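Working notes, beginning with the structure itself.
Throughout, a chain's letter reflects where its sequence line sits, starting with A, and its residues are numbered from 1. The structure presented is a predicted model; accordingly, all values stated were derived computationally and were not measured.
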There are 2 protein chains.
Amino acid sequence: MSHMGYRRLMAVDRDHVLRSAAALLTRKSTATMDEVAKAAGISRATLHRQFAGRDALVRALEALGIAECEAALDAARLDDGPAEDAVRRLVHGIESAAGLLAFLYTENQLFEGEEQNAGWATIDDRISALFRRGQLGGEFRIDLTPAWLTEALYGLLASGAWMVQSGKGAPKDFTHMIAELLLGGALRREEP
Amino acid sequence: MSHMGYRRLMAVDRDHVLRSAAALLTRKSTATMDEVAKAAGISRATLHRQFAGRDALVRALEALGIAECEAALDAARLDDGPAEDAVRRLVHGIESAAGLLAFLYTENQLFEGEEQNAGWATIDDRISALFRRGQLGGEFRIDLTPAWLTEALYGLLASGAWMVQSGKGAPKDFTHMIAELLLGGALRREEP
DNA sequence: CCCATGTGAGACATGACTGTCTCACCATGG
DNA sequence: CCATGGTGAGACAGTCATGTCTCACATGGG
């Protein structure tokens, strides 16, 4: 909500449309362009003026998801302090993007044959590096590969997002549930 | 109306079609009825004779997934011995159905609307009861709710299935990765 | 042998979504 | 004041999956 002048340049509007689309498609991944437009409070014509088509919209959402992931990764300072704490910071910082990630996570299977955005590989590498650092530092167990831990994080984020979405879980528990399960597991830990 | 040979022949064909469809839709959730038919080695007309439409096919797949889950739950003997071991047995037994489950898990059409299959609630309850038993017995930590642990199990199964599907993980690691992460988490456990 | 049943192939109509277009409207800036 | 440009509404054709239909064929039983 800033100066009116920005609205003419589509930057603010575009972001709003993108986030509305993300929120809608997270709930209903098969939503129509018309539904996306209505959810954003604009007409289908305007939606189509900003995004050439459904494919372009999904690509833009993918770019948004990647950007938010990168931002969360930066904010979490993955190289600082214990890896365990870095994981907690990461889960906390990525919470707001979890819904969008859940949508992209299932949509990505669709682009099987196509070229897929290299941004995901970068993100995978950064998260994997965090888990590897934890393993090398003796914090994390070594029988679970960094690649699997990364994938598991995605899966848990998606599960958490859907759970909150469906009302079966409280948003305030999101970070704790995911981080604690990922780090500590279900077994009760003996106090040292 | 029923002749023994007739019934048996249809049953076998139907099961084969169902499993082919499950395998295909796991990889490509938007596959056409024509593609489903070709994958099963039958024509679209015959596919339509067995399943009134795409919706009926998905519902049949849902019933199959529920049946396989129930079978895995029975085979895992959730009430016997330590809950930890029961979880391991369950993960191992449900592995073969994980791909189908991952497909159904993302088919949110099944979960919106009022007429969602009650079989899922039964399965949720049985798995939740297992986690609750582990908590009451002092095996599992109590700050992670049974409902969340159940949802997390679904998410990890889906992640594992997709990882194996995309070739980023070995099928032989499936059970170990999921069960160990779910039970023990990423943190290295001090030897007692 | 003949007939019945299941099947495959394909035509056909239907509906839904998409992408493109036009046109009237209205707020802003000159 | 008018000119501009973005917008909403709607028309339009094209595309694709679906559901239904017909018909020829083959396999198997009476």
Under 4.0 Å between a Lys/Arg side-chain N and an Asp/Glu carboxylate O for [X] and [Y]?
X      : Y      : answer
B:R59  : B:E62  : yes
A:D125 : A:R132 : no
A:R27  : A:E35  : no

Taking atom [atom2] of [N] as reference, at what distance in whole Å does atom [atom1] of [X] sit?
X     : N      : atom1 : atom2 : result
A:K38 : D:dA9  : NZ    : C1'   : 10 Å
B:E35 : D:dC16 : CD    : P     : 13 Å
A:R54 : C:dG19 : CZ    : P     : 9 Å
A:H16 : D:dT7  : NE2   : P     : 13 Å
B:L47 : D:dT20 : CG    : P     : 13 Å
A:M33 : C:dG19 : CE    : C1'   : 9 Å
B:H48 : D:dT20 : NE2   : C1'   : 8 Å
A:L57 : C:dG19 : CG    : C1'   : 14 Å

Exercise. Ignoring hydrogens and angles, are the base of D:dG8 and the side chain of A:R49 linked by a donor-acceptor pair under 3.5 Å?
Worked result: yes
Short side-chain to backbone donor-acceptor contact, [X] and [Y], under 3.5 Å:
X      : Y      : answer
B:R126 : B:L78  : no
A:Q135 : A:L144 : yes
B:E139 : B:E84  : yes

Problem set entry | Residue B:A45, side-chain heavy atoms: nucleotide from C:dG10, D:dT18, C:dT7 that is nearest | C:dG10
For this session: Report the nucleotide, chosen from D:dT7, D:dA11, D:dG8, that has the shortest atom-to-atom distance to any side-chain atom of A:R44.
Result: D:dA11
Exercise. Can you tell which of B:H92, B:R89, B:E95 makes a side-chain hydrogen bond (donor to acceptor under 3.5 Å, both in side chains) with B:T175?
Worked result: B:E95
Exercise. Of A:G41 and B:D34, whose closest DNA chain D nucleotide lies nearer the 5' terminus?
Worked result: A:G41
Exercise. Of all of residues 24-32 of chain A, which get a heavy atom below 4.0 angstrom from DNA chain D, listed by number?
Worked result: none
For this session: Ignoring backbone atoms, establish whether A:T46 has a side-chain N or O less than 4.0 Å from OP1 or OP2 of D:dG8.
Result: yes
